[in-house]
Amino acid sequence: QVQLVESGGGSVQAGGSLRLSCAASGYTGRRYCMGWFRQAPGKEREGVAIIESDGSTNYGDSVMGRFTISKDNAKNTLYLEMNSLKPEDTGMYYCAADPRVRWLLPKPLEPDFPYWGQGTQVTVSS
């Protein structure tokens, strides 16, 4: 069973930066696509960024050029570097894992991953 634990959330002023981490465990040697999602109060969960097992990435339009997803396979850790943060980036950020190759799917950033972490809160004030 894949287990995911996020960390690094917090409060920051607009224009600031944060780095989220997601520690993964329970792998069986199978390759996974990893992703970051977020959910603001009263809104649906949306895809922020995903990274396939081969390192290829895909970003949501609202974070393109500001956020960077990366992973350290040796540490089984996923990261999300967030720069130029805006108040609309506020929300609960979730890490997720999927054994499927997401770019083959019609909507790679769809929040239909099978494995999820508990989330870490990010608050951006104006």
Side-chain angles (χ1 to χ4, degrees):
Q1 183 73 10
V2 176
Q3 295 181 328
L4 305 168
V5 179
E6 303 93 337
S7 62
S11 297
V12 64
Q13 289 192 328
S17 299
L18 280 175
R19 187 194 196 200
L20 305 184
S21 299
C22 172
S25 61
Y27 282 30
T28 60
R30 194 175 186 179
R31 294 187 171 185
Y32 285 79
C33 174
M34 304 293 294
W36 287 100
F37 296 79
R38 67 186 181 189
Q39 188 166 17
K43 294 188 177 181
E44 294 185 351
R45 191 170 297 188
E46 66 169 341
V48 174
I50 63 171
I51 183 166
E52 302 279 6
S53 59
D54 66 356
S56 59
T57 58
N58 193 338
Y59 293 88
D61 291 340
S62 62
V63 305
M64 189 82 70
R66 300 188 297 123
F67 291 10
T68 302
I69 188 171
S70 63
K71 61 179 179 175
D72 185 331
N73 289 328
K75 296 181 179 180
N76 281 340
T77 302
L78 178 72
Y79 302 101
L80 184 67
E81 188 74 36
M82 304 186 293
N83 298 313
S84 302
L85 282 162
K86 304 175 181 179
E88 51 264 43
D89 293 319
T90 294
M92 188 68 78
Y93 281 69
Y94 299 91
C95 171
D98 191 339
R100 295 173 292 179
V101 179
R102 298 289 303 185
W103 68 264
L104 295 175
L105 303 177
K107 297 181 179 180
L109 288 169
E110 191 75 6
D112 58 356
F113 282 47
Y115 303 106
W116 292 87
Q118 298 284 339
T120 185
Q121 177 68 34
V122 172
T123 302
V124 184
S125 58
S126 58

For this session: Considering only Ile, Leu, Val, Met, Phe, Trp and Tyr, and joining two whenever side-chain heavy atoms are under 4.5 Å apart, list the other residues clustered with I50.
Result: F37, M92, Y94, L109, F113, W116
Seminar exercise, completed: Between D54 and S56 the two heavy atoms that sit nearest each other are OD1-OG, 2.7 Å
Scan the side chains in residues 57-65 for donor-acceptor partners under 3.5 Å anywhere in the protein, sequence neighbours excluded, and list what turns up.
from, atom 1, to, atom 2, distance (Å)
Y59, OH, I69, N, 2.9
S62, OG, R38, NH2, 3.1

For this session: Decide yes or no for F67 and L18: does some side-chain heavy atom of the first lie under 4.5 Å from some side-chain heavy atom of the second?
Result: no
Problem set entry | Set of residues satisfying salt bridge (charged side-chain N to carboxylate O under 4.0 Å, His left out) with respect to E81, sequence neighbours excluded | R19
Exercise. Are the side chain of K71 and the backbone N or O of E52 linked by a donor-acceptor pair below 3.5 Å?
Worked result: yes
Problem set entry | Within 6.0 angstrom of E88 CD, more than 12 heavy atoms from elsewhere | yes
Problem set entry | Donor-acceptor contact present, side-chain E6 to main-chain Q118, <3.5 Å | yes
For this session: Would you indicate whether the side-chain heavy atoms of M34 and C95 approach each other to under 4.5 Å?
Result: yes
Exercise. Is there a donor-acceptor pair closer than 3.5 Å between any side-chain N or O of R100 and the backbone N or O of C33?
Worked result: no
Exercise. Is the closest side-chain heavy-atom distance between P114 and D98 below 4.5 Å?
Worked result: yes
Exercise. Would you call M82 and V124 a side-chain contact if the rule is heavy atoms closer than 4.5 Å?
Worked result: no
For this session: Would you mind reporting whether L78 and I51 have side-chain heavy atoms less than 4.5 Å apart?
Result: yes
